[in-house]
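One-based numbering, in listed order, for ligands and for the atoms of each. Keep in mind that the numbers below use all heavy atoms, side chains included, and drop hydrogens, waters and symmetry copies. Position 1 is the first residue of the sequence, and the numbers go up from there.
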Amino acid sequence: MEREMANRMIQKLLVANRGEIARRIFRTCRRLGIETVAVFSDADAQMPFVQEADEAFRLGPAPSAESYLRVDRILKAAAVTGADAIHPGYGFLAENAAFAEAVAGAGLIFVGPRPDAISAMGSKKEAKARVASAGVPVVPGYDGSDQDPAVLEAEAKRIGFPVLLKASAGGGGKGMKRVDKAEALSEAIASAKREALGAFGDDVLLIEKYIEKPRHIEVQIFGDETGKVVHLFERECSIQRRHQKIIEEAPSPALNDAQRQALGAAAVKVGEAISYTGAGTVEFIFDQNGEFYFLEVNTRLQVEHPVTEAITGLDLVEEQLRVAEGKALRFDTADLGIDGAAIEARLYAEDPAQGFLPQSGPLVEFAVPADGVGLRFDSGVETGVDVGIHYDPMLAKVVAHGRDRSEAILRLRRALRSMTVLGLPTNKAFLLRILDDEAFREGALHTHFIDERFGDSLAEAPRPERRWRAAWIAALLSHQERAEQLPISGIGTGFRNNAHTLQRARYVFGEAELELRYQRRWRSEALLFDVRRGDGSLALVRLVSEAPLEAPGGFGRCFVLELDDHRFEAKAVRVGEQFFVAVDGEEFSFAEMPRFVDPQSALPPGGYAAPMPGKVVKVSVKAGEQVDAGQTLIIMEAMKMEHAVTAHEAGTVTELRVAEGDQVEADALLVVIAGKD
Ligand code: ADP
């Protein structure tokens, strides 16, 4: 025994995965003194997880089928580097029994359950049957082998509507169809079979009673080779979009102690029924009456495992490695208490306003706060990384741990607000809306929560005041950038020939345009700006301090600013015409409109143009008239505000292009003044 265990020591671990989970596993390995090997596709060659590993091996081109799913290449990588164990992470080959077998066949340790446990749980039908015979409640339904559509129809009617058709080989929320009435059945069965065959190569269907507004609660289990199975409490994962979890927490706010015990015991029974080894998750759904039913077993480490680590104090990867080495579990559930509460939010590159459409592009800035008490950031990215289209668009997991659920929520909220993610749309603001939702705070969760609470308002209502602030921060950034390019510092830019008029900048936020008027105050040591608000009043902006911001391909600054005495920090980056601004927990992306639409419309010398589209309400001068510097020439009205166009210098009106009542475009020539010389 001693000898065998010594042979199974893991000294070098290859992670057959990428991104945050590879980094997370490497972290544990470094602590344990285990050497690490990364494998990567061409798309990931520059990613942090590759740099952080002790060694790395290129698998192939970007598509998963040519890289992360290539069993032969992964085994080659292990052979070349001399790795003695392979951790599959989650996704890719993590629940592939043939891969687990191939790893063992190559004489390597697979960090996961035995292949037969993986395949038994890979079929929903087989899993359900085995679990039911172990005495664990399963959703009432039909999982027979007679797949004749007439039989399926009769079974659906017996179960009672609504029912859920599921592909036995399905996964990842795919291949499910809800049917509400008998008339819709035969068509639904036919199409579910077609889809299942197309997607999973197998058209076996299961029918289940459709549980209305269920909670998704899962139990973390661990088993070892002695046959011991324990549970590490539950995680509530009811906050889902597109059937995928985005906020997970432990413990579930819905369970009392008796329910927690019953659920844990059921999960252990499931594990025992399949002699489970290593880390696994038994998923259940809870109906409105608190009855729970087995859903499935995930035979791997879950994305959301950090919330369990937070409340138990264990490192689940370390425990996985120990079990894989053949060591016995060193804890019982009774030894583990639940320490407070933990919540995880998954930060995705996706646009909630477009139905959570994944987004790709360069990360112009990615920063997490350094002062994170009770916080954990697991991410696969850093500033400068290109978020590609080939893999899951999850950027990071943010995990907060507190003495209780409300403290964990507050910490998570602050963590998200103090992170900066610039360059592409993310679900950060959406996650914050969920955390601030009243029903969420009360723990009244179910799997349709997002649809029900936010279905009609996935896109956030624009907040003009916030955009205005982002816009003047962009203008300030441009000012500093121009100042940096000037040979003599201290000379204001863009103010030289019209010191008496407000500067103008125009920005486009999606559909909306915003025009900004601002002016530097000259009689001051400090950098002070007057900025016109939407209501016409002037705000005083003061630049307290600034520091350069690493912004690949652009110009970036981290500012400390004061707006009418309110001091705060802001980050701003310009890449081409695009501005990215992070301020007060929010991120903005917008473009500057060209100052001159085309060279033809450039002003003639002495010309004065309309500062914005609007109406000429007063013409105060006549052609041929002598004017003094500062004299009002024309008054315009736009957005219910009047703007005076005043002479920069004394001269003669040589051209008057407009009359009172005229409607003019922005930049339209209004009047020309010939100077004295
Ligand atoms: P997959 O393997 O595709 O993830 P699951 O069986 O785990 O499929 O179910 C995924 C999700 O679908 C669950 O989290 C739950 O939200 C919903 N679901 C599954 N079965 C039912 C059911 N019988 N009634 C209502 N919702 C269900």
Side-chain angles (χ1 to χ4, degrees), residues 90-91 94-97 118-132 136-143 152 155-156 158-180 188 192 195-196 198-221 234-249 252 254 263 267 270 280-300 302-304 346 392 445-453 455:
Y90 54 72
E95 291 178 284
N96 184 315
I118 299 177
S119 50
M121 295 297 114
S123 150
K124 288 191 198 302
K125 187 163 151 331
E126 190 184 337
K128 236 182 130 172
R130 291 200 38 185
V131 165
V136 173
V138 297
V139 188
Y142 174 77
D143 57 5
L152 293 176
E155 287 294 334
R158 175 185 62 78
I159 295 161
F161 295 95
V163 296
L164 189 65
L165 306 179
K166 281 189 183 180
S168 178
K174 293 187 198 86
M176 291 189 290
K177 245 187 202 5
R178 172 185 166 147
V179 187
D180 290 301
E195 280 178 28
F200 312 109
D202 177 352
D203 72 350
V204 174
L205 297 185
L206 258 64
I207 309 173
E208 283 180 2
K209 174 108 197 107
Y210 183 85
I211 314 280
E212 300 279 1
K213 292 196 182 178
R215 285 174 181 265
H216 174 118
I217 303 180
E218 59 186 33
V219 179
Q220 177 71 54
I221 60 165
E234 79 283 357
R235 294 184 285 259
E236 162 121 21
C237 313
S238 299
I239 304 294
Q240 309 179 348
R241 54 108 183 78
R242 290 197 267 112
H243 290 296
Q244 277 176 356
K245 306 155 184 172
I246 53 172
I247 293 182
E248 301 105 331
E249 57 183 290
S252 163
L263 189 69
V270 171
T281 295
V282 187
E283 296 189 333
F284 295 92
I285 51 176
F286 266 64
D287 69 14
Q288 303 271 295
N289 307 320
E291 298 293 328
F292 64 82
Y293 306 99
F294 168 81
L295 262 188
E296 67 172 346
V297 178
N298 290 138
T299 53
R300 53 168 159 83
Q302 302 269 93
V303 176
E304 58 273 22
R346 299 192 197 181
D392 185 82
L445 316 178
H446 58 85
T447 59
H448 307 296
F449 183 93
I450 288 179
D451 273 349
E452 193 180 281
R453 306 286 298 179

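Those atoms of ligand 1 that come under 4.0 Å of a heavy atom in Lys209, given as number and element, are 22 (C), 23 (N), 24 (N). The contact set between ligand 1 and Lys166, taken as ligand atoms under 4.0 Å from a residue heavy atom, comprises 6 (O), 19 (C), 20 (N). Below 4.0 Å from some heavy atom of Gln240 lie the following atoms of ligand 1, by number and element: 14 (O), 16 (O). Remark: ligand 1 atoms within the under-4.0 Å shell around heavy atoms of Glu283 are 7 (O). Close approach of ligand 1 to Thr447 is summarised as follows: ligand atoms under 4.0 Å from at least one heavy atom of the residue are 16 (O).
Taking the six-membered ring where tryptophan is involved, the planes of Tyr210 and His448 are essentially parallel, since the angle between them stays under 30° and well short of 60°. Classified by interplanar angle (parallel below 30°, tilted 30° to 60°, perpendicular above 60°), the ring pair Phe449/His446 is perpendicular.
Scored by the side-chain hydrogen bond (donor to acceptor under 3.5 Å, both in side chains) test, Gln240 finds no partners at all (sequence neighbours excluded). Residues satisfying the side chain to side chain contact (heavy atoms under 4.5 Å, CB included) criterion with Asp392, sequence neighbours excluded, are Tyr348, Met394.
If you look at Glu212 next to ligand 1, there are no close heavy atoms at all, none under 4.0 Å. With a heavy-atom cut-off of 4.0 Å, Leu164 touches ligand 1 through its side chain alone.
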Next on the checklist: Would Gln302 and Glu218 count as a side chain to side chain donor-acceptor pair (under 3.5 Å) here? Give the steps.
Outcome noted: CA-CA 10 Å; Gln302 302 269 93; Glu218 59 186 33; 3.3 Å; yes

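For the side chain to side chain contact (heavy atoms under 4.5 Å, CB included) with Ser238, the qualifying choice from Ile285, Leu445, Ile247 is Leu445, the only one to do so.
Nearest to atom 17 (C) of ligand 1 by heavy-atom distance, out of Lys124, Lys128, Met176, is Met176.
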